[in-house]
Amino acid sequence: MLKTYKTIREAAGPLLVVYDVEDAKYEELVEIETQDGVMKRGRVLEASQGRAVVQVFEDTRGLNLKDSKARFLGKTMKLAVSGEMLGRVFNGAGNPKDGGPEVVAEKYLDVNGNPINPYCREYPNDFIQTGISTIDGLNTLVKGQKLPIFSGAGLPHSMVAAQIARQAKVLGSNEQFSVVFGAMGITFEEAEFFIEEFRKTGALSKAVVFINLADDPVIERITLPRIALTAAEFLAFEKDMQVLVILTDMTNYCEALREVSAARKEVPGRRGYPGYLYTDLATIYERAGRIKGKKGSITQIPILTMPEDDITHPIPDLSGYITEGQILLSRDLHRKGIYPPVDVLPSLSRLKDKGIGEGKTREDHSGVLNQLFAFYARGREVRELALILGESALTDIDKAYLKFAEEFETRFVNQDYMEDRSIETTLNIGWELMSILPKSEMKRVKEEYIEKYLKDVKKDSKS
């Protein structure tokens, strides 16, 4: 028997406090019937001493506490999942947003998911090609990895996200590949951009899109990543698909978390964010991975905008501890007109070595990766030296390094938004750039690969 209460006494933002409640449980779903008979949904955040704090998923403005009722449903929030979700667009509550019918459920899954037993996890070791050289060549994405993109306000992270969603694929396999795209707190213009891009390029047919707009309820931003990951888990572990989950913008998610925490009058942590921010982010990021005995996998690319471009801000800082590296977008490269403006020196994929090499990408990948990184780092040092002393003070080898840095940015980092580069193309461009410097400087590539691939590059340039 469901219990209904007319004892809603307090309201603070999206939170309501219901008094004289019996047996309320954490995460239990609640229906709020307003004075006008409108039904709103919420969940229990806290229950003690006969009181329940209810987080309402929709707007609470205009709610008359005295004439409203709360009904406790005795179950947690579940998502109706089905293979029919592919090609559809949903809101932050999991309801269709594209004008199509409700999903005919094959299953109802708890949005909080089930933790993966560490013993049952498979180690990520299969290459995913994104078609973007700075990721595939230098910061390789591996199946089952979580690799965030750290961006800043005004940088083209939305375009990078759309390009990865459109181009990502697992090489040399007939496995089904799909994308689950979750957007939190974005503008209507951004939402239209993503949907139109997916539709125009045909990527929507293999994607499930969840969108929460900036004027949608704040609480939806907290539930959206969990709903998106629940859909991803179903596709990966029930339908045997390779699923790429892109979540943007995690900063908006954390701001929503801070707003709810303030409404609950919790003791704030760093910069006003709740003290459990690390734990909360971990419950999202750690849902990526592979499971022994299952063919599918979940790979995550969370995107977050660093407030004031500060990489030490709590959101990127804590994300860096939980995830396996980061792709950092550079404002300086963006000003130069370079797209995607990935700064490869502070960027890192901790699992890149597991997804490259013979049988995965190419035998020379590891050497090319290390040599390009070393050459570019030296070229950046020479560039700074030239600003202080002038180019006339540089040696011939310094000038070669300076030329390499310029060419690296304009030919390797820079590519067209619609350009889908294969890993072979990326590595060949790397060899072309390395040929700018004398062979004696190539100390991180095996001699046999220099003989094999450098000759091929020189033949191609002559022809």
Side-chain angles (χ1 to χ4, degrees), residues 116 118 120-150 160-161 163-181 206 229 232-233 235-237 240-247 282 284-304 319-328 340 342 344 346-370 372-373 420-427 430:
I116 301 175
C120 295
R121 280 186 181 269
E122 285 269 17
Y123 202 83
N125 58 9
D126 294 318
F127 171 66
I128 291 179
Q129 181 174 291
T130 66
I132 297 174
S133 289
T134 44
I135 297 176
D136 296 346
L138 302 179
N139 298 287
T140 312
L141 180 65
V142 179
K143 198 195 313 181
Q145 185 179 5
K146 39 197 182 290
L147 184 63
I149 294 177
F150 290 1
V160 176
Q163 187 170 2
I164 292 172
R166 185 179 70 240
Q167 297 176 177
K169 60 182 77 71
V170 179
L171 296 183
S173 72
N174 296 318
E175 296 168 326
Q176 286 184 289
F177 196 88
S178 62
V179 175
V180 174
F181 190 89
K206 64 169 187 175
L229 284 162
E233 286 167 350
L235 294 174
F237 305 132
D240 295 333
M241 290 184 176
Q242 311 308 321
V243 184
L244 176 64
V245 179
I246 299 175
L247 299 172
I284 294 173
Y285 297 147
E286 290 297 342
R287 289 173 76 172
R290 302 168 65 199
I291 299 176
K292 290 176 184 174
K294 300 280 187 182
K295 293 180 181 177
S297 67
I298 296 177
T299 307
Q300 258 193 58
I301 300 183
I303 298 171
L304 56 95
S319 293
Y321 281 116
I322 304 165
T323 55
E324 291 121 5
Q326 71 279 333
I327 305 295
L328 189 69
V342 176
V344 299
S347 295
L348 169 70
S349 170
R350 293 190 181 98
L351 300 180
K352 63 177 180 288
D353 295 334
K354 308 298 178 186
I356 63 177
E358 193 170 1
K360 293 180 180 177
T361 53
R362 207 167 73 180
E363 58 185 356
D364 60 320
H365 192 159
S366 180
V368 171
L369 183 159
N370 291 321
L372 286 173
F373 190 92
D420 185 0
R421 288 181 186 169
S422 67
I423 187 60
E424 288 79 13
T425 301
T426 291
L427 294 174

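Just so you know, these numbers come straight off a predicted model, no measurement behind them. Positions are given from 1 along the sequence.
Listed for the E424 side chain is no donor-acceptor partner under 3.5 Å among the backbone atoms of R362. Between the N139 side chain and the T134 main chain, a donor and an acceptor come within less than 3.5 Å of each other. Side chain of S349 to main chain of T140: a donor-acceptor pair is present (N/O by atom type, distance under 3.5 Å, no hydrogens or angles). Side-chain atoms of Q129 do not come within 3.5 Å of backbone N or O of Q167 as any donor-acceptor pair. A donor-acceptor pair under 3.5 Å is absent between the side-chain atoms of Q145 and the main chain of T299, judged by distance alone. Within the 3.5 Å criterion, the main-chain N or O of L328 finds a donor-acceptor partner in the side chain of S347. At least one donor-acceptor pair closer than 3.5 Å links the side chain of Q326 to the backbone N or O of P346.
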side-chain contact (heavy atoms from CB on, under 4.5 Å) between V344 and L372, intermediate numbers included | CA-CA 10 Å; V344 299; L372 286 173; over 6 Å; no
side-chain contact (heavy atoms from CB on, under 4.5 Å) between V160 and I303, intermediate numbers included = CA-CA 10 Å; V160 176; I303 298 171; over 6 Å; no
Can Q300 and T323 be said to form a side-chain contact (heavy atoms from CB on, under 4.5 Å), step by step?
-> CA-CA 9 Å; Q300 258 193 58; T323 55; over 6 Å; no
Derivation of the side-chain contact (heavy atoms from CB on, under 4.5 Å) call for V342 and L138 | CA-CA 11 Å; V342 176; L138 302 179; over 6 Å; no
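Shortest non-hydrogen contact noted between A236 and S297 is CB-O, 3.6 Å. Nearest heavy atom pair, residue G355 against residue F127, reads O-CB, 3.1 Å. Residues I322 and A282 come closest through the heavy atom pair CD1-N, 3.7 Å. Here the closest non-hydrogen pair linking T426 and G137 is CG2-CA, 3.9 Å. Nearest approach of Y285 to P302, heavy atoms of both residues: CE2-CG, 3.4 Å. A161 and F181 make their closest contact through CB-CE1, 4.2 Å (heavy atoms, listed as atom of the first residue, atom of the second, distance).
The only option from R290, R287, K294 that meets the salt bridge (Lys or Arg N to Asp or Glu O under 4.0 Å) definition with E233 turns out to be R287. Only one option out of K169, Q163, R166 pairs with D420 in a side-chain hydrogen bond (donor to acceptor under 3.5 Å, both in side chains); it is K169.
Side-chain contact annotation: S133 with R421, donor-acceptor N/O pair under 3.5 Å present.
A 4.5 Å side-chain heavy-atom check between E286 and R121 finds at least one atom pair inside the cut-off. Inter-residue side-chain proximity for E324 and V142 is flagged as unmet; no heavy-atom pair is nearer than 4.5 Å. The shortest side-chain heavy-atom distance between I128 and Q242 does not fall under the 4.5 Å cut-off.
Rounded to the nearest 0.5 Å, atoms CD1 (I149) and CD1 (I246) are 7.5 Å apart. Atom-to-atom distance recorded for T361:OG1 and I423:CD1 is 5.5 Å, nearest 0.5 angstrom. In this structure, CD1 on I284 lies 7.0 Å from CG on L229, to the nearest 0.5 angstrom. Between L304 atom CG and F150 atom CZ the span is 5.0 Å, to the nearest 0.5 Å. Interatomic distance, CG of L244 versus CZ of F177, reported as 5.0 Å (0.5 Å rounding). D364 contributes atom CG, which lies 9.5 Å from atom CD1 of I356 (distance to the nearest 0.5 angstrom).
Atom NZ of K354 has 12 or fewer heavy atoms from other residues, nucleotides or ligands within 6.0 Å. Crowding of Q176 atom CD: a count of heavy atoms from other residues, nucleotides or ligands under 6.0 Å not exceeding 12.
K143 has no carboxylate O lying under 4.0 Å from a charged side-chain N of E122, or vice versa, which leaves the two without a salt bridge.
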